[in-house]
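First the structure, in the form of structure tokens, and then the observations on it.
Fair warning: this is a prediction, and the values are worked out from it, not measured in the lab.
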There are 2 protein chains.
Amino acid sequence: MDPRTLETLRAVGSQGGVTAAAAVLHLTPSAVSQQVAQLQHEVGVPLTERVGRGLRLTPAGEALAEAAVDVAVALERARAACDEFLERPQGVVRVSAFQSGAQLLLPALLSRVAAIDGITLECSDEDVAQDDFVALTDRMDVVVAHRPDDGPGWAGGRAVRVVPLLREPLDLAVPLDHPLAQRTEVRPDDLRDLPWVAVREGFPVATVLGAVGARSGSAPRIVHRINDFHVVEALVEAGHGVSLLPRYTFGGGARVRLVPLAGVRAGRRIDALLRRDRAERLVVRRVLDELRALAADIGSA
Amino acid sequence: MDPRTLETLRAVGSQGGVTAAAAVLHLTPSAVSQQVAQLQHEVGVPLTERVGRGLRLTPAGEALAEAAVDVAVALERARAACDEFLERPQGVVRVSAFQSGAQLLLPALLSRVAAIDGITLECSDEDVAQDDFVALTDRMDVVVAHRPDDGPGWAGGRAVRVVPLLREPLDLAVPLDHPLAQRTEVRPDDLRDLPWVAVREGFPVATVLGAVGARSGSAPRIVHRINDFHVVEALVEAGHGVSLLPRYTFGGGARVRLVPLAGVRAGRRIDALLRRDRAERLVVRRVLDELRALAADIGSA
DNA sequence: GGATCCATGCAGCAACGCTACATCGACCCG
DNA sequence: CGGGTCGATGTAGCGTTGCTGCATGGATCC
């Protein structure tokens, strides 16, 4: 019962299959399968059960996978205990963020961390569906994710730590020459019959537009579904519709006008997601501190 | 950084040397040395330092060893999590006890556990100095140990769990025809100038006689040092001196007379000592429950 | 100052876990 | 309803790891 094997089981559970787990662990499916089989033999209770052509964890498997994170946490804590005796934290930290979050946070984060000697940041942007953010924590140390203000929290339970970074309002984006462009705020009533550019179903903040529509009394008329906010911005600029855009990230530009919404709560929460064991690493904690400080700066500016 | 290596470091610390650690781990000193060297290389800080011809852990080593027990605990908890899904607990539990404790507790414990299917008890009696009880936990699952009533607790800190089992009074043991044999109790004053049979220096309850002597106003006159209470009993019976004997263990016999002490607190505490990781095992917990119930019976009888 | 004890380095060997490939079952689609 | 595909699982072979056995170098005890 070594932690590697336990971690493999955990990955099979969280990734939902042998092949997917093998991918994040940089192993062949065969190796993963063998590890699970060996673990199963060791404990004497079935840990997985076939469902269709894939498989999922049994209750016993879930229990063991949950215990596995505690093992991983204990191990990382052991490493950190030694790092305390090293004068400077050292190592590489992998950070991912959704695009607009990356644009908002990563440049400043890199600058801040560059000042700390010994820490290497590996950044990447990841555009995934709302439900897939947690799964990223298997490949990344810190996952910057966003979700609707009022939506449900993150799945993943005890295994993943959620660190709130920022709340960012979503404003109405209109062309510069739009009738609403000169307003200091708009109310739900003003939004009737506007042509909307929305994000794809299932993607973050997709539900916000629905909530706004509900307040205005009629379902919003969605004419385009675009995930990349820059493309959205270009479409809005060209008069192909209006949209909701995050204030801090797009408020500075001159291509479209952002008008605050009143009478309805529209915003997104930006959180950092980490696996509990990764959160124990000294360097990760250090980077996370910078990220939080950075977010606090933005939020209070 | 695997738990095996961590456990090895822990053993080096608790056993106080490579060779001793190798003994309890069933390895060669060479293997232990290599593991420590590898671990040291991995964390980049010195974990051990030479002292004389042996070695001890550095502060960093101590920190890592302490973290190692948390890893072990987490691992055992993972095992236990699976065992919950097995219908019956199963496995072997190694129990050791000092002689008189073994005599008092082990027969009844074996009977109780025999009624539970699947648990195998491996008992052994261990006569060690007071300070060496904790080190036994590396070889045993449950160590039944005793210490003076008022003495200091057990060393070992966070790594070892102490489960109080019983307080056993120590009575004055005199020959059947001794002047004090008919008394219902004796006071410290009555003990002046008696020839004492004591246990060897450094062994459990050695300090109790000193405390009694201090109350009587003069240092007790020790004529023999015997560790085995049965030998003590025989000496007392033959009139070669008086002694302190535990009430529950030797009260029933007709070879000597036990007279309670008044005016001075004399007794020993009987505790179960376990490593925290071992304490997580389901079977160990089960055996420990029986042991506690058994001790409660004796204490209340 | 010789004997002893302890930790450590090095060569050799066994075992373990991985990859690559083949197989089998379940789903999808024409 | 059958070919194609995807996913999990066995098997052979190989590389790596970690152990033992022995030799070495210090430090202590008598």
Original post:
Does A:R56 put a side-chain nitrogen or oxygen below 4.0 Å from OP1 or OP2 of D:dA8?
Top reply: no
**OP:** Quickly work out the A:R50 CZ to C:dG25 P distance and round it to whole Å.
**Re:** 10 Å
Subject >> Between P of D:dA8 and CD of A:E49, the distance in whole Å >> reply: 14 Å
Original post:
To the side chain of B:R53, which of D:dG26, D:dT9, C:dA7 is closest?
Top reply: D:dG26
Original post:
Ignoring hydrogens and angles, does a donor from either the side chain of A:S30 or the base of D:dA8 sit under 3.5 Å from an acceptor on the other?
Top reply: no
Original post:
Which part of the nucleic acid, if any, lies within contact of B:T19, taking any heavy atom under 4.0 Å across all strands shown: a base, the sugar-phosphate backbone alone, or nothing?
Top reply: sugar-phosphate
**OP:** May I ask you to decide if A:E280's main-chain N or O and A:R285's side chain share a donor-acceptor pair within less than 3.5 Å?
**Re:** yes
Subject >> From D:dC19, C:dT4, D:dG10, nucleotide with atom closest to B:A31 side chain >> reply: D:dC19
Original post:
NE2 of A:H26 versus C1' of C:dG17: gap in Å, rounded?
Top reply: 18 Å
**OP:** Kindly point out which of D:dT9, C:dA7, D:dT20 is positioned nearest to the side chain of A:S33?
**Re:** D:dT9
Original post:
Relative to the 5' end of DNA chain C, which residue comes earlier, A:G52 or B:P29, by the nucleotide with the nearest heavy atom?
Top reply: B:P29
Original post:
Would you call A:D70-A:R276 a salt bridge at under 4.0 Å N-O?
Top reply: yes
Subject >> For atom CD of A:Q35 and atom P of C:dT19, their distance in whole Å >> reply: 9 Å
**OP:** Can you figure out which of C:dA7, D:dT9, C:dC18 approaches the side chain of B:L55 most closely?
**Re:** C:dA7
**OP:** Send over the distance from A:L25 CG to C:dG17 P, rounded to a whole Å.
**Re:** 15 Å
**OP:** Check every strand shown and say whether B:Q34 touches a base, only sugar-phosphate, or nothing at a heavy-atom separation below 4.0 Å.
**Re:** base
**OP:** Let me know, please, whether B:A20 or A:V51 comes out on the 5' side of the other along DNA chain C by nearest nucleotide.
**Re:** B:A20
Original post:
Atom CZ of B:R4 to atom P of C:dC16: distance rounded to whole Å?
Top reply: 11 Å
Original post:
B:H41 has an atom NE2; how far is it from atom P of D:dT17, in whole Å?
Top reply: 12 Å
Subject >> Lys/Arg N to Asp/Glu carboxylate O, A:R147 vs A:D271, below 4.0 Å >> reply: yes
Original post:
Taking OP1 and OP2 of C:dT19, is either one under 4.0 Å from a side-chain nitrogen or oxygen of A:T28?
Top reply: yes
**OP:** Please state how far atom CD in B:Q40 lies from atom P in C:dA7, giving the value in whole angstrom units.
**Re:** 14 Å
Subject >> Short N-O contact, B:R4 and B:D2, less than 4.0 angstrom >> reply: no
Original post:
Would you say the side-chain atoms of A:E66 pair up with the backbone N or O of A:A159, donor to acceptor, closer than 3.5 Å?
Top reply: no
